[in-house]
Protein chains: 4
Amino acid sequence: MSDSRNAYYDRIAPNHLAPLWTRLKSLVPKEPTPVGVPHRWAYSEVRPHVLESADHISAKEAERRVLILENPALAGSSQITQTLYAGLQLIMPGEVAPAHRHTQSALRFIVEGSGAYTAVDGEKTMMQPGDFVITPSWTWHHHGHDGEPGKAGPMVWLDGLDIPLTHFFGSTFREDHADEEASVIRPTGDALARYGSGLLPVGWRNGSLNSPVFNYPYARTREALHALTRAGAPDAHAGHLMRYINPADGGWAMPTMATMIRLLPAGFATLPYRGSDSTVFIAVEGQGELRVAGQRFELTPHDIVVVPGWMAYTLHASQDLVLFSYSDRVAQEKLGFFREQRLPA
Amino acid sequence: MSDSRNAYYDRIAPNHLAPLWTRLKSLVPKEPTPVGVPHRWAYSEVRPHVLESADHISAKEAERRVLILENPALAGSSQITQTLYAGLQLIMPGEVAPAHRHTQSALRFIVEGSGAYTAVDGEKTMMQPGDFVITPSWTWHHHGHDGEPGKAGPMVWLDGLDIPLTHFFGSTFREDHADEEASVIRPTGDALARYGSGLLPVGWRNGSLNSPVFNYPYARTREALHALTRAGAPDAHAGHLMRYINPADGGWAMPTMATMIRLLPAGFATLPYRGSDSTVFIAVEGQGELRVAGQRFELTPHDIVVVPGWMAYTLHASQDLVLFSYSDRVAQEKLGFFREQRLPA
Amino acid sequence: MSDSRNAYYDRIAPNHLAPLWTRLKSLVPKEPTPVGVPHRWAYSEVRPHVLESADHISAKEAERRVLILENPALAGSSQITQTLYAGLQLIMPGEVAPAHRHTQSALRFIVEGSGAYTAVDGEKTMMQPGDFVITPSWTWHHHGHDGEPGKAGPMVWLDGLDIPLTHFFGSTFREDHADEEASVIRPTGDALARYGSGLLPVGWRNGSLNSPVFNYPYARTREALHALTRAGAPDAHAGHLMRYINPADGGWAMPTMATMIRLLPAGFATLPYRGSDSTVFIAVEGQGELRVAGQRFELTPHDIVVVPGWMAYTLHASQDLVLFSYSDRVAQEKLGFFREQRLPA
Amino acid sequence: MSDSRNAYYDRIAPNHLAPLWTRLKSLVPKEPTPVGVPHRWAYSEVRPHVLESADHISAKEAERRVLILENPALAGSSQITQTLYAGLQLIMPGEVAPAHRHTQSALRFIVEGSGAYTAVDGEKTMMQPGDFVITPSWTWHHHGHDGEPGKAGPMVWLDGLDIPLTHFFGSTFREDHADEEASVIRPTGDALARYGSGLLPVGWRNGSLNSPVFNYPYARTREALHALTRAGAPDAHAGHLMRYINPADGGWAMPTMATMIRLLPAGFATLPYRGSDSTVFIAVEGQGELRVAGQRFELTPHDIVVVPGWMAYTLHASQDLVLFSYSDRVAQEKLGFFREQRLPA
């Protein structure tokens, strides 16, 4: 039997046909096998490397002077998870990272420093630690640091991109701008005032899948998180968890990456939780840890932890802990793939 | 012919039948005939009457101590336009306007005073001049003034309700609360933090057609309006015009009444505009006038002007002029009735 | 006290101010008071009058030769309910009812005859008994009868329009076409094929709030109703009740009038039901009755019954009973006004 | 310089950090490089292999007796494109392919035979050539052939699944049913009558991202296509192209795979077109060819052709040609990735 079957398989192969039944169980498995491993980048260890990069290359030469955070189990892939990319970008006073655009969407979560800006689609925004900044797909953008060289300090932020996702769908386009800096045509703060104040201009329609607000300042976000602590208990599996939204439709702020922020009061620990989305966390304030698969990852400000999809984890706060995170949940929800489990202790 | 027709009409009348052809042109006219007239209530003239009302009745006895602004052409109707109601409400220190709920939706635009609050659906908000406050349909609400009687001043706001609309659709329900004050179960500021900061709680869904934000503070609104003035010219027919939105879907903040606010820079005048919606304006800051149908209505702070639908008007600012307005535009848009014309000078 | 209050009321009246507290309970009542009364037009009684109208006036002279079904309690208003209009339209072989357009939306439910058509927005559709046909707001339309005068029979249908609603919102516009017949530019059946077959043209977007399908043939509708009877019990308060939909969004087929059809199996009776919408019913097939407010209205084919909003009614089928109905429910839902009660026996 | 940089790269590697600047151009390329190659499976060549599979394994043993159509450039991957799977499934009279469910969504496009059914989520539908059938994510389904063994013929259909997509997102779950056949609880035809007749049950809400209609019969689809030919010229780049829709929202019928059908009149040829989506075509009726990258693929009934994303192709009809196709366009649209180019001759 097996021989005749094998002979048949050989006969059909030249026609680019193959039996499903020998592969069915692996193609359509009972449960997902996580891709990649959980990992923590301690900011105290990573920071010197990030700063040293300025000795080796300028922002201009590098185009983007970034150290990629690569999942230890996916070496060489430039992936922090199967679907996401992460990196730490450095800009020094006086530098400009030249203008380009691409179909990949980018988020920036500001880690340290001051004086740098990003210019997106004709508007410049100054970046402060804790700010969440969006570079929508196919918008011209460049970054710069207005500080005085030698006097002002470096500026570092976390970059999150959907590079693997865009690659998978084969929709990767890039264009370099003729000039180092794209034109700035609106005053700083315009988008936040226009779209992020509880009002919208009459007659305006969003032509994008992204939020028209592209800088969500930490001051306002922090205030919102603390207000939640006054109004009720944190969610047992997530803490006080909020998502950044697109005010034009109430959906997620970006079409491919879900961005969230949460506060866990000192002493609070979550029950185990897992989702089909893979997630990148960065600690903003406070102290705590994330436990996953028998490992304990300490969380102090700016530490970054990745948790692949469908791995259950818990969060523990020793001091009031604020965590920003991004994942592919929004893409999974749109495609009908998102699943989550709220597990008992 | 006419005789036989008339005889026929008489014969069918007992069957509750009537010919369309004798009525067609009036039932389906070429153009709308405005209902009501444009009118201005000068706040300086109206204010003494509003304050005097406290001598005649308490908030408790009145349930709501309000002077209705009645369209001069619709006397006795309690209507400021065919579809809208407006009134000026007064609350004195130490008073409570007792809790009730109704299917009518209400908006409050705060005119003067401080120390009063409204409690809506379990949350109390302190009202400041220029704030826009929503009481959604069928939510328990009461108002009160925490100031010390004899020391603190009165508080006055503009009430806008969809009473005629609700009445027309025959969906009028009201319930009085067992207690004078409905329970307050969330801290002040909770809704704004939770829903009005560019984020939304993960997993939350809006169970209402109204915005979950129910107080849009004037400080933030004012900042947004002024930011617009730095980014471009005002719209030729409207000025810098924004609409209050529901962050859960980007739509209008309320399902039956469109609420808007605009800034006209000093010296700016609009081109003539008309919409099929009838509109109530209240001046917030500055100085100017509204011209309609050959009349000039001065606009100084707190003056109220009504313009019936399909009457062209212009706005003129002698000083930076901020105008809040509400109309039935959102209802008209949903039903396919909204039309507007941007006319030449 | 009363005297001083009255003096005060008199003093403020010239300023177009009135106290709310003397009117509050009537403006914001505890429950709606139905407007109009329930009524039945027996088709057998009404039909001779409709046919006789052809002796008095031509379709061309009448523009639309229609007998208005006027609510007995609203004589002279041309209203069958507070928000809706109904009429029976007659067209004779060889006639044309000339082209016009208006902001009022119209539905046609075909009663009897064959050979007549309606042309809407460039497409002609032949009308068969039981078909539901839409004339969207502001689309050119004319009707005609291709039958041979003297040989072919008359054609009668029920017209449902949102005339009172459009009037209330003051958005009434009408235009008469330069020609008696507007141009027909697409073949008959095009819209149904293009939009009503479970597919839509790639790239097409609906520019209207109405369904792009404008004739829902009874043959397909009837089949759907009967399929429901094979799959489960009828709803206890409604029977097998379906709504005509807009395939572009799954919403109601029209923006202001909800259109529904239902089948009650022989012997079935509903439990009492009331909604805040007022409803017009027409019997299509079978036999039964509608009971409301102590009255029993027999239902035989083409009989028309109106039930004002918030009046509880029951339906009883002695033979398999098919009922078409229209109401303002869709408008009420959009505005947050719709309420319904499913009452016990 | 290069040496010191390399030393730096080596130093940071143990921290799972890598420089972006050495990889930027390949990670974020100027244009997509198509994955896989265009290919044609002639049904006349493939069919004998499909039929022979019945000699080697039963439907029950195979669970699904399918020959995978594997892209020649992606051997061993079970992929017809980077994101899609395709296979030809055979069922013989008397057989049952046992019930299971999985997060992968499946479409069936029926190729030949009669007498077989698929049962999805409690309803059985008989499959006819040209029918488009949906198995939504996570719904129980089994297939069977009611024909008499030895008398009735085999039945073959094309399976399209989003296996690579589901795998990429790591959301792969499968469950085998306790019984060979899942319960059938609704009569055949129920879903089409209930959801596919231009009506929807009052009160029903779709709990799924898929269309509630799960069999789109070819008879109705074909009629729609031919109606289009009477109403205007075909689109220059696509022919008369329609998409299967979800009547609950007007969107695509499935959340991850866009399904389309088109008719090209005899003699018509399209201008070159490319989209970022990769597409699988199957010829339904007629004769023609698809030209891509210098190759000509003949199209006769049941021939299958794959075109990777961003490769321009033209279609040529020698006889009236009907083509069904599926692609990942719907996923790309939701995520903001879809791009298309309509090229000149």
Side-chain angles (χ1 to χ4, degrees), chain B residues 4-5 8 12 15-21 23-24 27-32 34-35 39 45-46 49 52 56-57 62-70 72 78 82-83 87 102-104 137 163 166 168-174 209 255-256 276 278 309-310 328 331-332 334-337 339, chain C residues 4-5 8 12 15-21 23-24 27-32 34-35 39 45-46 49 52 56-57 62-70 72 78 82-83 87 102-104 137 163 166 168-174 209 255-256 276 278 309-310 328 331-332 334-337 339:
Chain B
S4 94
R5 282 187 185 176
Y8 170 66
I12 64 177
N15 287 100
H16 307 291
L17 298 172
L20 172 62
W21 52 90
R23 307 178 182 183
L24 180 61
L27 275 178
V28 186
K30 276 211 159 16
E31 271 210 323
V35 175
H39 187 72
E45 290 170 29
V46 165
H49 295 312
E52 186 189 336
H56 296 287
I57 196 162
E63 192 164 337
R64 296 295 181 264
R65 189 174 49 218
V66 176
L67 294 190
I68 302 170
L69 305 172
E70 205 166 49
S78 305
Q82 170 92 334
T83 60
H102 39 68
T103 45
Q104 290 82 358
S137 175
I163 292 175
T166 316
F168 177 69
F169 279 104
S171 184
T172 48
F173 296 89
R174 191 195 76 243
L209 296 176
T256 53
S276 51
S278 43
W310 213 237
D328 58 355
Q332 293 210 16
K334 288 174 179 176
L335 303 180
F337 290 143
R339 279 200 183 195
Chain C
S4 94
R5 281 188 186 175
Y8 169 66
I12 64 176
N15 286 101
H16 307 292
L17 299 171
L20 173 61
W21 55 87
R23 306 179 182 182
L24 180 62
L27 275 178
V28 185
K30 274 211 160 17
E31 270 211 321
V35 174
H39 187 72
E45 289 170 29
V46 165
H49 295 312
E52 187 189 334
H56 298 288
I57 196 163
E63 194 166 333
R64 297 296 181 265
R65 189 173 49 217
V66 176
L67 294 189
I68 302 170
L69 305 171
E70 205 165 49
S78 303
Q82 169 92 334
T83 60
H102 40 65
T103 44
Q104 290 83 357
S137 175
I163 291 175
T166 316
F168 177 69
F169 280 103
S171 185
T172 48
F173 296 89
R174 191 195 72 242
L209 295 177
T256 52
S276 51
S278 43
W310 214 237
D328 57 357
Q332 294 210 16
K334 288 174 178 176
L335 303 180
F337 290 142
R339 279 199 182 194

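Naming: A, B, ... by sequence-line order, numbering from 1 per chain. No hydrogens, no waters, no symmetry mates; every other heavy atom, side chains included, goes into these values.
Of the residues considered (C/P29, C/S137, C/G170, C/S276), C/P29 shows the highest number of contacts with chain B, using heavy-atom pairs under 4.5 Å. Of all the listed residues (B/A62, B/P34, B/G309), the one sharing the greatest number of non-hydrogen pairs under 4.5 Å with chain C is B/A62. Of all the listed residues (C/T83, C/I12, C/V28), the one sharing the greatest number of non-hydrogen pairs under 4.5 Å with chain B is C/V28. In terms of heavy-atom pairs under 4.5 angstrom with chain B, the leader among C/E45, C/E63, C/H102 is C/E63. Among B/R65, B/R174, B/R23, B/H39, the residue with the largest count of heavy-atom pairs under 4.5 Å with chain C is B/R174. The candidate from B/G87, B/G336, B/A331 with the greatest count of non-hydrogen atom pairs under 4.5 Å with chain C is B/A331.
Proximity to chain B involves both the backbone and the side chain of C/L335, based on heavy atoms less than 4.5 angstrom apart. Both the backbone and the side chain of B/E70 come within contact range of chain C, each with at least one heavy atom under 4.5 Å from a heavy atom of that chain. Proximity to chain C involves both the backbone and the side chain of B/V66, based on heavy atoms less than 4.5 angstrom apart. Contacts of B/L209 with chain C are made by side-chain atoms alone, with heavy-atom separations under 4.5 Å and no backbone atom involved. Both the backbone and the side chain of C/R64 come within less than 4.5 Å of a heavy atom in chain B. Looking at B/R339, only its side chain comes within 4.5 Å of chain C, counting heavy atoms on both sides. Contact annotation for C/Q104: only side-chain heavy atoms (C-beta onward) come within less than 4.5 Å of a heavy atom of chain B. Looking at B/L27, both its backbone and its side chain come within 4.5 Å of chain C, counting heavy atoms on both sides.
Ring geometry for C/Y8 versus B/H56: interplanar angle under 30°, hence parallel rather than tilted (30 to 60°).
Counting only heavy atoms from C-beta outward, the side chains of B/Q82 and C/F168 approach each other to under 4.5 Å. Contact of the B/T172 side chain with the C/P32 side chain is registered, since non-hydrogen atoms from C-beta on lie closer than 4.5 Å. In this structure the side chain of C/L17 reaches within 4.5 angstrom of the side chain of B/L69, judged on heavy atoms. When side chains are defined from C-beta on, C/F173 counts as touching B/E31, because their heavy atoms get closer than 4.5 Å.
Atom CZ of B/F337 and atom OG1 of C/T103 lie 7.0 Å apart (nearest 0.5 Å).
Summarising the geometry of B/K334 relative to C/P255, their closest heavy-atom pair is O-CB, 4.3 Å, with the distance given to 0.1 Å.
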